[in-house]
Every structure is written in C-alpha cells, then in structure tokens.
Amino acid sequence: MENKYYLGVALPAYMFGRWETFGPVVTENFNSYTCENEMKPEAILVKPEAGGEPSMDFKRSMPAVQRAIEEGVKMRLHTLVWHSQTPRWFFTKDYSDEGELVDRETMLGRMEWYIKGVLGHFCGEYPGLFYAVDVVNEAFDVGDGDENGVRKKNSLWYETIGPDFIYMAFKYARMYAPEYLKLFYNDYSCMYKDDLILQHLSDAKRDGLIDGIGMQSHLSVGEDLDKFFSAARKFLDAGYELQMTELDVGIKEVNDETLAKQGEYYRRLREFADGLAENGENFTSLTVWGVNDATSWRRRESPLLFDAEMKEKPAYRGFMRK
Ligand code: XIL
C-alpha cells in the first residue's frame with residue numbers, strides 16, 4: 001500500500017553526525033522527522049545577560065532541518081508549551097534561575113513572544129517543511145493535576161498563567177501559524193484520560209484553534225491495545241485529526257518470546273493505522289520515538305525497531321507488516 005500518512009522517526013542531533021550508521025535505515029523507512037530534543041524550549045531559549053531580554057537560537061535544530069530538506073522529507077515541530085525542558089528563568093521577573101515568578105499578563109506576553117518567534121523562524125525560513133506542531137504537550141494528569149485534572153505539579157505555565165494557559169497557547173499559535181501547519185495537543189497515556197482531554201480541549205476546538213490530537217503512544221507489552229484503539233476512535237469521532245507521535249513499546253526483559261510479543265504489538269498498531277487511513281479517517285502521521293534500543297530514552301525496556309547493532313528486530317518486521 002502506498003502510505004497515506006507520514007511515517008516518522010524521532011532523531012537526536014548526534015545521529016546526524018553519525019549518518020553512515022543511522023542514515024541508511026532512516027532514509028529507507030521514514031518520510032517525517034521529529035527532533036527528539038532540539039526544538040524544545042530549553043534548546044532554543046537563550047538566557048539574557050543581567051538586565052537584558054532573552055533571545056532565541058535555533059542552531060541545535062539545524063542538522064535535522066538540513067537533513068530533512070536534503071532527503072525531501074517533512075517534519076513535526078515538537079514542542080512549544082510544556083512544563084518540562086523549559087528553563088525556570090523564563091518565568092521569573094529578572095530572568096534568573098531563582099527569581100520571583102512573573103504575573104499572568106507578563107507571562108502571556110512571553111508566551112506570545114515565544115510562539116510567534118518559533119513559528120516565525122521555522123515556517124518563515126522553511127515554508128512547507130513542517131506539517132504539524134505540538135502547541136501544548138502533556139497538560140492533563142489526574143494524579144499531578146488540579147481538581148479538574150489540569151497538570152499543576154512542576155508546571156510553571158500553570159502557576160503563572162492559570163489553567164487557561166492551554167487555550168491561550170492555541171490562540172497565539174493560530175495567530176502566527178501558516179494555514180497549512182496543523183496545531184496539535186500532544187499527550188501520554190491518552191487511553192486512560194481520553195474523556196478528560198476531550199473535555200478540556202473543547203473550548204479551543206469550538207473556537208477553531210486546534211486541529212489535532214497527538215497520542216504519544218509510549219506503550220508497554222501487556223497494555224490493552226483495544227483500549228488504545230478505542231481512545232483513538234474517540235478522538236477521530238470528536239472531529240480531531242489524529243497522529244501517533246512518539247511510539248515505542250517496552251518489554252521487561254529481552255528473550256525470544258518477549259521480542260515476538262513486541263513484534264505483535266507493532267504489527268497490530270501498524271495494521272490499525274493502515275486501516276484508519278484506508279477507511280479515509282483523518283489519521284495523518286505515525287512516528288516512532290527513536291531508531292534503535294541502545295539510543296532510546298527507554299533503553300532499559302528495549303522498545304524500538306532495531307537493536308544495538310542496528311539489526312532488524314521482530315518489532316521491525318511487525319511494524320513493516322512483513
Ligand atoms: C524525551 C527524550 O526522548 C529524551 O531524550 C529527553 O531526555 C527527555 O524527553 N514525552 C515527550 C518527549 O513529549 O519530548 C519526551 O522525550 C518523551 C516523553
């Protein structure tokens with residue numbers, strides 16, 4: 001089947017310096033790249049000198065952007081507003097690490113400045129390269145959340161602006177994004193909080209500020225895939241474009257049996273995605289979160305398609321439906 005959706009991979013910057021190792025597999029299998037870390041706020045924001053204003057520096061993302069252009073593939077932009085990997089100094093009055101937090105209006109101003117700057121850079125310099133952006137990442141969590149399930153713990157966006165920082169981020173993103181760039185809400189464990197997500201995004205959806213939901217899809221063998229699939233259908237039925245944005249499937253130990261099971265998980269996920277696309281559903285991208293187990297953020301769970309020697313695992317054959 002000619003693929004009807006992007007097949008993507010997350011790449012950390014150092015892979016572009018070892019392209020002879022990783023390039024062949026990447027170019028053969030994928031037509032969409034996500035920077036694993038290099039487009040996150042901590043990679044872009046530059047702390048000012050005392051008394052100065054912050055700036056942005058995009059050089060850490062350059063290898064990925066250049067490689068994507070060279071290979072003729074598209075990119076996802078990950079991520080604008082997130083409680084994690086965003087420096088505390090960005091939220092303080094004097095831009096110091098320890099300083100007092102700013103008020104809501106000031107932080108809304110900084111949010112607008114940041115979203116405008118990042119979208120302006122990536123879409124202005126490279127028109128058409130990006131097809132989706134994760135505007136807000138991981139904003140809902142019942143355990144770490146307020147009484148409504150909006151993540152509060154460790155979230156300086158929540159602390160400075162309040163729970164409507166999510167709506168405001170989408171508002172600014174819509175103001176500064178070109179029309180072709182799809183605005184996504186991205187989250188983990190979506191199958192356990194699908195109703196919560198839909199409920200909280202409904203204002204932004206009603207006002208035309210959001211296009212899609214990204215299911216990160218950090219899964220483990222043993223989890224209920226039918227539950228995962230029904231959450232996916234729920235998002236589609238609610239009128240959202242759908243993507244799987246960070247797929248990996250962990251196993252507790254590596255042996256023939258667990259590797260085979262992992263392969264089955266990958267096969268079922270890929271079959272599900274293909275089925276959605278064949279049925280004309282608004283499913284547009286499936287990204288795997290890394291290339292091989294040895295370089296995965298979950299390396300202890302061996303969650304990816306290739307092993308340390310870059311050999312195809314049963315997971316690869318399942319994913320490719322071979
Ligand atoms: C992870 C990266 O893979 C790691 O290299 C980094 O140290 C931490 O972040 N959800 C997300 C991703 O949205 O950005 C995270 O990526 C994984 C969980």
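Each ligand, and each atom within it, is numbered from 1 in the order the structure gives.
In summary, Arg267 and Asp274 do not engage in a salt bridge, as defined by a charged side-chain N under 4.0 Å from a carboxylate O. With respect to the salt-bridge test (charged N to carboxylate O, under 4.0 angstrom), the residues Asp293 and Lys313 qualify. In this structure, Arg104 pairs ionically with Asp164, as a charged nitrogen and a carboxylate oxygen lie closer than 4.0 Å. Salt bridge annotation for Lys234-Asp237: absent, with no cationic side-chain nitrogen under 4.0 angstrom from a carboxylate oxygen.
Among Asn37, Asp187, Asp248, the residue whose heavy atom sits closest to atom 6 (C) of ligand 1 is Asn37. Here atom 1 (C) of ligand 1 lies nearest to Lys40 when heavy atoms of Lys40, Glu246, Met39 are compared.
For the side chain to side chain donor-acceptor pair (under 3.5 Å) criterion with Thr245, the lone passing option out of Thr34, Asn186, Asn137 is Asn186.
Ligand 1 has an N or O atom lying under 3.5 Å from an N or O atom of Asn137, backbone or side chain. For the pair Trp82 and ligand 1, the shortest N or O to N or O distance does not fall below 3.5 Å.
Atoms of ligand 1 found under 4.0 Å from any heavy atom of Gln216 (numbered from 1 in listed order, with element): 10 (N), 11 (C), 13 (O), 18 (C). Residue Trp289 approaches ligand 1 through these ligand atoms, each under 4.0 Å from one of its heavy atoms: 2 (C), 3 (O), 12 (C), 14 (O), 16 (O). Within ligand 1, the atoms closer than 4.0 Å to a non-hydrogen atom of His218 are 17 (C), 18 (C), numbered from 1 in the order shown. Ligand-side atoms of ligand 1 in range of Glu138: 10 (N), 11 (C), 13 (O), 18 (C), range being under 4.0 angstrom from any heavy atom.
Residue contacts with ligand 1, taken as heavy atom pairs separated by less than 4.0 Å, do not involve Thr79 at all.
Scanning the protein for heavy atoms near atom 2 (C) of ligand 1, the closest one is Glu36 OE2, 3.4 Å. Protein heavy atom at the shortest distance from atom 8 (C) of ligand 1 is Gln85 OE1, 3.4 Å.
Aromatic ring centres of Phe140 and Tyr185: separated by under 6.0 Å. Taking the six-membered ring wherever Trp is involved, the centroid distance between the rings of Phe122 and Phe58 falls below 6.0 Å. The aromatic ring centres of Phe235 and Tyr240 sit 6.0 Å or more apart.
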